[in-house]
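Have a look at the structure below, then the notes.
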Amino acid sequence: MISATLKRSISALKQRFADVIPETRERLARLRKEHGNKVLGPITIEQVIGGMRGIKGLMTETSKLDAFKGIKFRGLTLPECQVRLPSAKREPLPEAMFYLLITGEVPSNSDCDILVREIAERSETIPEHTVRIVNSLPQHMHPMNQLSIGVLSLQTESKFVRAYNAGVKKENYWEYVLEDSLDLIARIPRIAAMIYRNTYKDRRLGPTDPSLDLSANFSKMMGFENEHFWELMRLYLTIHCDHEGGNVSAHATHLVGSALSDPYLAYSAGLNGLAGPLHGLANQECLKFLLKLQEKTGQNPTEEVVEKFVKEILASGQVIPGYGHAVLRVTDPRFVCQMEFAKRVMPKDPLCKLVATLYKVVPRVLKEAGKAANPYPNVDAHSGALLVYFGMREFDFYTVLFGVSRAIGVSAGLVWSRALGLPIERPNSLTMANIEEYVSKSTLA
Ligand code: CMX
């Protein structure tokens with residue numbers, strides 16, 4: 001049921017979502033009632049100690065990571081999304097991806113266009129205090145910290161908080177979380193662009209064009225007028241948006257949101273997780289690695305020279321950034337589509353060629369070393385080289401781009417969590433003594 005206040009501004013997306021909720025709620029109720037006591041799998045002590053790796057402990061509607069096929073967004077692989085989602089030119093629109101994640105359906109061009117316009121409208125204003133706060137941050141503060149602070153400062157506008165304080169019914173929470181999510185997705189590019197201009201440029205945003213989509217306007221605000229860069233942003237923001245529920249940024253957002261913290265509080269926490277070097281920050285590490293390799297070996301090193309460099313890095317105890325994954329066991333399709341973009345748009349670019357040479361060398365070397373469970377490249381192995389081609393060399397900004405994108409997937413997850421009335425997260429934790437006691441009892445038994 002849509003409340004009267006929001007009915008006036010209802011978009012195709014909201015209407016479609018409202019339509020699919022009742023059936024999904026029924027499916028969930030049936031699942032709990034008929035199968036709630038069934039066991040999904042064993043949990044080993046190694047998993048409890050080892051970061052809960054592989055434990056099936058979360059329900060996330062928006063996407064599922066397949067170790068061999070890569071991410072599936074509502075059942076669609078990335079190449080399928082590239083073909084089926086509406087686009088401005090060739091690459092899928094991230095707005096269309098949000099529609100897919102929320103409703104489970106590929107939007108028609110006209111439904112996508114309505115959403116593009118709605119997000120463009122919402123992006124036009126951000127609170128005055130957010131502008132003041134972001135502009136007052138020290139230039140040497142890491143851009144990810146600035147983004148997290150900027151997002152948190154938007155929380156004063158939360159429609160969910162207002163509705164909750166006014167006593168809205170639990171079954172209608174999703175409407176206000178969806179409102180906040182749309183505002184967040186629309187406004188986060190402006191905050192990110194302010195951070196870019198403040199940290200590296202002249203502190204002034206480029207002009208926007210209300211007839212353009214989120215990615216084009218985000219690029220323009222940062223000062224990038226090349227339309228190939230806009231296409232890159234469309235691809236970038238689409239492919240980084242969601243990677244099922246267990247990764248740090250998605251899980252942190254879900255966890256904080258489960259306390260009924262609004263999307264701003266929840267996503268600020270998610271961003272703080274994304275800022276870690278084993279997660280989102282790896283993209284900046286990848287570019288540093290590429291530049292170091294280029295500096296040491298020249299623009300077009302042979303495979304033999306690259307192999308020697310890679311082996312030296314491994315021998316010194318460091319990891320090869322952009323390679324390996326906790327779940328994937330093949331080349332990340334998000335890497336593949338970036339490589340295809342490079343072949344199409346910048347076939348002669350030396351840095352992209354270096355990425356291609358590394359792709360020939362690193363899997364072989366990692367396999368020989370025998371430690372990494374997955375010797376193939378992940379999403380981060382390519383993104384930096386594409387950005388540098390267009391002149392964005394400021395690698396400590398790269399995770400902010402990831403953050404702009406991830407807002408899309410994790411907000412969709414939050415909307416679903418509230419629509420399904422998922423409870424506060426509260427797993428059981430054990431002390432080491434508890435585990436030792438359990439082990440000694442089970443050994444005696
Ligand atoms: N280079 C060198 N060694 C690697 C490696 C790499 N790229 N990837 C894994 N290994 C090593 C691990 O360090 C580990 O060694 P120890 O046993 O000595 O600790 C061993 O191989 C087994 O690790 P794993 O089971 O294959 O990998 P994990 O699931 O523990 O970790 C990941 C996954 C991504 C953190 C790891 O592969 C890595 O550090 N890669 C480089 C950083 C990176 O690209 N991160 C981005 C991930 C994508 C994202 O989340 O954004």
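Atoms within a ligand are numbered from 1 in the order they appear, just like the ligands themselves. Numbers here simply count residues along the sequence, with the first being 1. Keep in mind the model is a prediction, meaning the values are calculated, not measured.
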**Report entry** Mutual orientation of the aromatic rings belonging to His240 and Tyr236 [parallel < 30°, tilted 30-60°, perpendicular > 60°]
**Finding:** parallel
query: Is the centre of the Phe309 ring less than 6.0 Å from the centre of the Phe289 ring?
result: yes
Open item on the list: Check this for me: His228, atom NE2, are more than 12 non-hydrogen atoms of other residues, nucleotides or ligands nearer than 6.0 Å?
Closed with: no
Note down each nitrogen or oxygen pair, ligand 1 side and protein side, whose separation is under 3.5 Å; give only atom names and the distance to 0.1 Å.
| residue | atom | partner | partner atom | Å |
| --- | --- | --- | --- | --- |
| ligand 1 | 1 (N) | Ile320 | N | 2.9 |
| ligand 1 | 7 (N) | Ile320 | O | 2.9 |
| ligand 1 | 7 (N) | Tyr323 | O | 2.8 |
| ligand 1 | 18 (O) | Lys371 | NZ | 2.8 |
| ligand 1 | 21 (O) | Ala372 | N | 3.4 |
| ligand 1 | 26 (O) | Ala373 | N | 2.7 |
| ligand 1 | 29 (O) | Arg53 | NH1 | 3.0 |
| ligand 1 | 40 (N) | Tyr323 | O | 2.9 |
| ligand 1 | 44 (O) | Gly322 | N | 2.8 |
| ligand 1 | 44 (O) | Asn378 | ND2 | 3.0 |
| ligand 1 | 50 (O) | His279 | ND1 | 3.2 |
| ligand 1 | 51 (O) | His279 | O | 3.4 |
| ligand 1 | 51 (O) | Asp380 | OD2 | 3.4 |

*Taking the six-membered ring for Trp and the full ring for Phe, Tyr or His, determine whether the centres of Phe224 and Phe218 are under 6.0 Å apart.*
no
Query - Phe229 and Phe390 aromatic ring geometry - parallel, tilted or perpendicular at 30°/60° bounds - result: perpendicular
For Ile49, the side-chain contact (heavy atoms from CB on, under 4.5 Å) test, sequence neighbours excluded, returns Ile45
